[in-house]
2 protein chains.
Amino acid sequence: MRADARRNYDRILAAAEDVFSEQGTGASLNEVAKRAGVGPGTLYRHFPDREALLDVLMKDWVDRIQQAADEAAASGRPPRDVLISWFEDLVAHISVHHGGPGRITAALAKSGTPIADKAGGVVNACATVLGRLNEQGVLREGVDPVQVCRLVGSVAATADNAQLDKDTTRQLLATIADGLLLP
Amino acid sequence: MRADARRNYDRILAAAEDVFSEQGTGASLNEVAKRAGVGPGTLYRHFPDREALLDVLMKDWVDRIQQAADEAAASGRPPRDVLISWFEDLVAHISVHHGGPGRITAALAKSGTPIADKAGGVVNACATVLGRLNEQGVLREGVDPVQVCRLVGSVAATADNAQLDKDTTRQLLATIADGLLLP
DNA sequence: ACCTGAACACCGTTCAAGT
DNA sequence: ACCTGAACACCGTTCAAGT
């Protein structure tokens with residue numbers, strides 16, 4: 001990669017980070033290019049579409065989520081607390097950009113695309129926590145990591161676009177947790 | 001209202017119904033105007049923005065939802081079945097147009113706007129069903145109709161934009177029901 | 001009153017022309 | 001190789017001009 005190309009690539013990412021934080025993941029890509037000080041064509045050369053750009057931006061999401069899952073699984077706290085606080089972490093991590101939760105939740109069904117791979121990573125992290133709880137025998141029959149991610153992702157998406165506060169969101173997550181745990 | 005205005009008004013609604021069904025609630029309004037055989041200005045004269053158009057289109061949602069709630073409350077079936085099948089009805093009713101569930105769920109917090117009023121109607125219907133179950137003493141402490149609508153609406157929004165099938169959606173709703181019912 | 005449709009400021013995306 | 005920026009086909013929205 002040529003030096004100027006590398007520099008533009010980095011500038012575009014930095015600009016995208018800014019613009020998406022301010023205006024959400026649907027913001028104008030021309031605006032991103034302008035903010036990065038490059039022509040629109042340069043942006044499209046490096047990132048063929050919006051998803052490609054988001055993809056690099058969410059690069060280390062999955063790692064952080066898996067890390068939170070490992071900690072949650074090892075915490076030894078009461079099952080309900082483990083679930084709720086891990087759900088809160090999950091929501092926080094996928095909500096860094098407005099519009100993000102909806103994208104990742106919609107990608108849970110798909111496969112092959114980069115975003116679907118990330119969604120798969122989230123499912124794995126979820127399976128880590130659920131697996132630990134299942135060893136303790138506290139989960140209902142048929143609890144499925146993908147379905148749990150869908151539920152939590154749905155709540156995250158609503159929290160994102162209705163701007164719910166933390167308490168309200170936690171109540172929603174608590175109900176989901178109760179629905180997963182054995183009575 | 002002049003005869004030609006009335007005619008155009010009706011044509012626009014019919015065209016919007018078609019276009020929104022095909023392409024979702026975000027479809028081009030110029031396309032709606034074209035399909036209705038009127039100039040774009042005529043559309044904006046009758047409906048100042050997209051929300052105003054959707055508003056008329058969802059006119060009888062609330063009535064149908066309240067009706068389903070009344071039937072569910074009176075059905076005398078087991079509480080879990082009542083909840084799940086009423087949730088399924090609710091999801092079906094708010095999902096007539098792609099993008100609808102997201103809009104109505106986001107409006108649950110607001111008040112004053114026409115869409116917020118409709119969201120309020122949905123909450124009332126929800127309260128009907130929950131009230132009946134509460135008389136039977138089968139609900140957990142602190143179950144709130146607004147929060148229940150948020151949960152079900154979140155699932156509806158995800159089902160809508162990830163194109164989940166009925167069985168998958170019902171499983172998600174069942175978990176919510178379990179989270180609301182006393183162990 | 002009401003309608004029309006050209007016009008404006010945007011958007012995403014492309015591609016000839018430059019270095 | 002890589003970048004630029006004018007250009008294209010769209011979008012929502014407005015408003016002078018017509019009937």
Side-chain angles (χ1 to χ4, degrees), chain A residues 1-58 97-100 102-103 106-107 113-115 161, chain B residues 1-58 97-100 102-103 106-107 113-115 161:
Chain A
M1 207 170 191
R2 229 166 63 178
D4 54 348
R6 169 94 245 160
R7 199 200 49 187
N8 284 333
Y9 179 92
D10 292 336
R11 280 188 184 174
I12 290 167
L13 279 181
E17 179 66 45
D18 283 359
V19 175
F20 288 164
S21 290
E22 288 168 21
Q23 310 176 27
T25 53
S28 160
L29 296 184
N30 278 350
E31 168 69 22
V32 171
K34 194 192 294 178
R35 188 94 62 114
V38 302
T42 304
L43 187 151
Y44 283 90
R45 156 170 280 269
H46 288 291
F47 306 97
D49 53 28
R50 166 176 267 107
E51 223 60 50
L53 195 45
L54 286 169
D55 207 57
V56 177
L57 247 30
M58 329 186 306
H97 296 114
H98 185 255
R103 283 175 198 276
T113 67
I115 175 121
N161 75 56
Chain B
M1 204 169 191
R2 230 166 63 179
D4 54 347
R6 169 95 245 160
R7 197 200 50 186
N8 283 333
Y9 181 92
D10 292 336
R11 280 189 184 174
I12 290 168
L13 279 180
E17 178 66 45
D18 283 0
V19 175
F20 288 165
S21 289
E22 287 169 21
Q23 309 176 28
T25 53
S28 161
L29 297 184
N30 278 350
E31 170 68 21
V32 171
K34 193 191 295 178
R35 189 94 61 114
V38 303
T42 304
L43 186 150
Y44 282 90
R45 155 170 280 268
H46 288 291
F47 307 98
D49 55 26
R50 167 176 269 108
E51 224 60 51
L53 195 46
L54 286 169
D55 208 57
V56 177
L57 247 30
M58 329 186 305
H97 296 117
H98 185 254
R103 282 177 199 274
T113 66
I115 173 122
N161 75 55

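Every chain is numbered from 1, with letters handed out A, B, ... down the list of sequences.
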Counting side-chain heavy atoms from CB outward, which of D/dT13, D/dT4, D/dC3 is closest to B/Leu29? D/dT13
Taking Watson-Crick (N1-N3 plus N6-O4 or O6-N4) and G-U wobble (N1-O2, O6-N3), each under 3.5 Å, can you produce the dot-bracket string of DNA chain C? Use [ ] for crossing pairs and | for inter-strand ones. ||.|||||...|||||.||
Distance, rounded to the nearest Å, where B/Gln23 contributes CD and D/dG12 contributes C1': 15 Å
Length of the line joining B/Arg50:CZ and D/dC11:P, which is rounded to integer Å: 11 Å
Whole-Å distance separating the CZ atom of A/Arg45 from the P atom of C/dA17: 17 Å
Any side-chain N or O of B/Thr42 under 4.0 Å from OP1/OP2 of C/dC2? no
Figure out the OH/P separation between B/Tyr44 and C/dA1, and round it to whole Å. 24 Å
Once you round it to whole Å, what is the distance between P of D/dG12 and NZ of B/Lys34? 11 Å
Tell me which nucleotide among D/dC2, C/dA1, D/dC11 gets nearest to the side chain of A/Arg2. D/dC2
Would you say the side-chain atoms of B/Glu17 and B/His97 include a donor-acceptor pair closer than 3.5 Å? yes
In whole angstrom, give the distance that lies between atom CG of A/Asn30 and atom C1' of D/dT4. 13 Å
Winner on side-chain proximity to B/Pro40, out of C/dG12, C/dG5, D/dC2, is C/dG5
